[in-house]
Amino acid sequence: MAVEEREIKLAPAYWKPFLELVKNTFSELSYRMISDALALAAEKLEGRTRHDGTPLVLHSLNTASIVIQEIGLGRNSTISTLLHDVVRLGLMEASEVGKRYSDACVGILQGLCNISDVDTKESDDQIDNFRELIVSYSTDPRVILIKLADRLEVMRVLEMFPPEKRKKKSWESLHLYSQIAHKLGLYPIKSEMEDISLKYLEPKDYAYIQQRLVDTADERDQFIKAFVKPIEEKMQQQGYRYHLKSRTKSIYSIWRKMKRMHIPFEEVFDLFAIRIVIDCPQEQEKALCWGVYSIVTDFYTPNPDRMRDWISIPKSNGYESLHTTVVTDTGRWVEIQIRSERMDEIAERGVAAHWRYKGVKRDAMGTEEWFAKLRETMESAQMEGLTDRFDAKLSSGEIFVFTPNGDLRKMNEGATVLDFAFEIHSGLGSSCVGGKINHRNVSFKEVLRNGDIVEILTSKTQKPKADWLNFVTTGKARSRIKAFLREEQAKAALLGREELERKLKNWKLSIPMDDAVTFLCKHYKKKTGTELYGMIAQEKIGLGEIKELLLRYLNADAVPEEGTRTVKTPARIPSGNDDALVIDESLSNIEYKLAKCCNPIYGDEIFGFTTVSNGITIHRIDCPNALRLKELYPYRVLPARWQKEAVTGSFRATIRLQAEDTTGLVNKIAEVINRDLKINIRSMNLGSAAGVLSGLINIEVTSSQMVDMVIHNLLRIKGVQKVFRVNN
């Protein structure tokens, strides 16, 4: 790509070190392109300054230096870093940068701008969500690395910012960016961010530890030399190939340990550590590491509580090393790490840092696996070709959206405004009428996108509706809506049942509530009485219609209930003087049905009633509906009588009992009916109140005489006060 040469002879002096770094790192073409990008950034940002009055472009230049020198990214990353502020401030479109330099710059710049727009909230329970949001914007892995360089540059010049900004950026760096650097294995960046953050968050503690480290530096160096001298001599005698490393714990790490263990500076055991790294074949590693351990413990006494054998059984992330803490004759504690070159390389480069993420689906991955994949790629590839080699993508199942006050919420991809409302609070979701996304009015059906700022609009009159289930994707929203609908259905069912009970009493229909509900459910094809009550409460079924149906049912005009006993024998009107309806087996073509309202039994005095569509219904003479039927439809009433031995089988009869509530009485009642009289009890529903036992007993009998016999025998039981047959 041809690039217009820009005159840089008159460039500020602070450009020179950067341009020399670029020239020594990249090809001639890359040098010209990066130089052009720097000149373009300076031109666009001219007149804009930082808090200390220095040119804003200096931030871009210093960040680009970190990107090249300390992270090792390539040309496109450097150009994107230089022009990030230009695009962020709206002085140039990312697409223009892409046309001028490379299409790869477009994605990098868009990701950087998205992260720059994130306003983190100082909340420990939100930090994981903010970290995942930042990673979700890093579809190009170079984005997160450049952002770390950007933040490191800011931390190095943090003194220029106002106190409140210093505190906020320090909190972010400590809890957010240093953790990302740690996961990527960028330990120098991690430690530097932590130490600078501590300097501004806990200035007194930082100054104290820093001074103590300075004060003890010479003495510490001398101690280390004397400490390792006998160990090295013996290792050399035994022919070990090795090298030593020593490191002083970072100020932040020391501070954290002092706080966690409530100890002073002097009692931090691992203020520094000595690492013995052995050069040997892999098959000899274990034996030689234990051999070095033996040499160390020949001179110094180990603390058994501080022994860590991660050689025999490596850590779950693959880390292998032998750790021990020993004490000298003067009582000073020293941590020793013993490992092979291979083990050290794995520990330093982090190939074994296997971050597991549960819930990975298909080819997508979670944040932790994304970090691990990126880190492994960084360790095995040249940074210039990082994107080509890094083909991993983040899990597509999640997005992150903000509340108006800056709280960050993790949602399912495809979640709507209504989902978000229920995520915040059930009451907010139940009263939601819409929302605002990035200050734009939208319907509550609107699908959310990553990074949206969402405000919920509510109304006191709003209530969840069944069709809301079509507009939500989260389990929480669905469960809350269903719970509300169930509650409303229960309320409606209670009102509907009360209304039906009241009407049945007013209509004076001789039909139990349960029988009426069973019949109506079957007629309206409802599975439960609750559904029926709800329809009554919502006036989807008219009470006048119900009354008409029940009257037809009682008069046998309705379709008979399944299981209802129908007399199988036909009927005839006999010749002769009695002129009565007789039930026998002499005629066919005329059907009978026993009326549900009075449940006649063989032996009862009966009459027939001619129905419109279902033949003749048999009623008892004392049926509650008898008088009404005879008055309204005298021409449809027929005399009837039972023919002796014409009807076989059993009938259901119901008796009501009242007695003193004494111990064992229910058992006596059951024994009399079942054992003594050999009569089957279909159900027995007895309850006690104020010392009185009362209720209904359903029995199977062959005639009304058997009912009389049951009543007679029950009245003989001591304590039984009343027993009588009821219509149903």
(request) Identify the two heavy atoms, one from Pro464 and one from Ser430, that lie closest to each other, and give their separation to 0.1 Å. (result) CD-O, 3.5 Å

(request) Just say parallel, tilted or perpendicular for the rings of His619 and Phe607, cut-offs at 30° and 60°. (result) parallel

(request) Kindly write out the residues that satisfy salt bridge (charged side-chain N to carboxylate O under 4.0 Å, His left out) with Glu501, not counting sequence neighbours, or none if the list is empty. (result) Arg497

(message) Looking at Thr416 and Phe471, would you say the former's side chain and the latter's main chain have a donor-acceptor pair under 3.5 Å?
(response) yes

(request) Could you check if a side-chain atom of Phe519 sits within less than 4.5 angstrom of a side-chain atom of Leu549, using non-hydrogen atoms only? (result) yes

(request) Find the distance between CG (Leu543) and CH2 (Trp507) and round it off to the nearest 0.5 Å. (result) 5.5 Å

(request) For Asn698 and Arg652, indicate whether the former's side chain and the latter's backbone hold a donor-acceptor pair under 3.5 Å. (result) no

Return a table of donor-acceptor pairs under 3.5 angstrom between the side chains of residues 657-676 and protein atoms on other chains or two or more places apart.
residue	atom	partner	partner atom	Å
Gln658	NE2	Gln721	OE1	3.2
Asp661	OD2	Ser688	OG	2.4
Asn674	ND2	Ile679	O	3.3

(request) Write down the atom of Ile601, the atom of Ser704, and the distance for their closest heavy-atom approach. (result) CG2-N, 3.4 Å

(request) Measure across Pro600 and Ile606 and return the closest heavy-atom pair with its distance rounded to 0.1 Å. (result) CB-CG2, 4.1 Å

(request) Measure the spacing between CD1 of Ile546 and OH of Tyr524 and express it to the nearest 0.5 Å. (result) 5.5 Å

(request) Enter the distance from Ile481:CD1 to Leu469:CG here, rounded to the nearest 0.5 Å. (result) 5.0 Å

(message) Contact between Thr473 and Val447 at the side-chain level, heavy atoms closer than 4.5 Å - yes or no?
(response) no

(request) Quick one: list whatever passes salt bridge (charged side-chain N to carboxylate O under 4.0 Å, His left out) with Arg502, sequence neighbours left out. (result) Glu499

(message) I need the Arg620 CZ to Arg725 CZ distance, nearest 0.5 Å.
(response) 4.0 Å

(message) Would Lys476 and Phe422 count as a cation-pi pair here, with the cationic atom under 6.0 angstrom from the ring centre and within 45° of the axis?
(response) no

(request) Using a strict cut-off of less than 4.0 Å between a Lys/Arg side-chain nitrogen and an Asp/Glu carboxylate oxygen, indicate whether Lys168 and Glu172 qualify as a salt bridge. (result) yes

(request) Identify the heavy atoms of Ser459 and Val433 that sit nearest to each other, and give their distance. (result) CB-CG1, 3.6 Å

(request) Could you tell me which non-hydrogen atom of Val637 sits nearest to which non-hydrogen atom of Phe609, and how far apart they are? (result) CG2-CD1, 4.1 Å

(message) What I'd like to find out is whether the side chain of Ile655 reaches to under 4.5 Å of the side chain of Leu714, using heavy atoms alone.
(response) yes

(request) Output the distance between atom OG1 (Thr474) and atom CZ (Phe420), rounded to the nearest 0.5 Å. (result) 11.5 Å

(request) Mind checking the CG-CD1 spacing from Asp419 to Ile424? Nearest 0.5 Å is all I need. (result) 11.5 Å

(request) For residues Asn441 and Leu457, determine if any side-chain heavy atom of one lies less than 4.5 Å from a side-chain heavy atom of the other. (result) yes

(request) Work out which heavy atom in Val726 is nearest to a heavy atom in Arg656; give both atom names and the distance. (result) CG1-CB, 3.9 Å

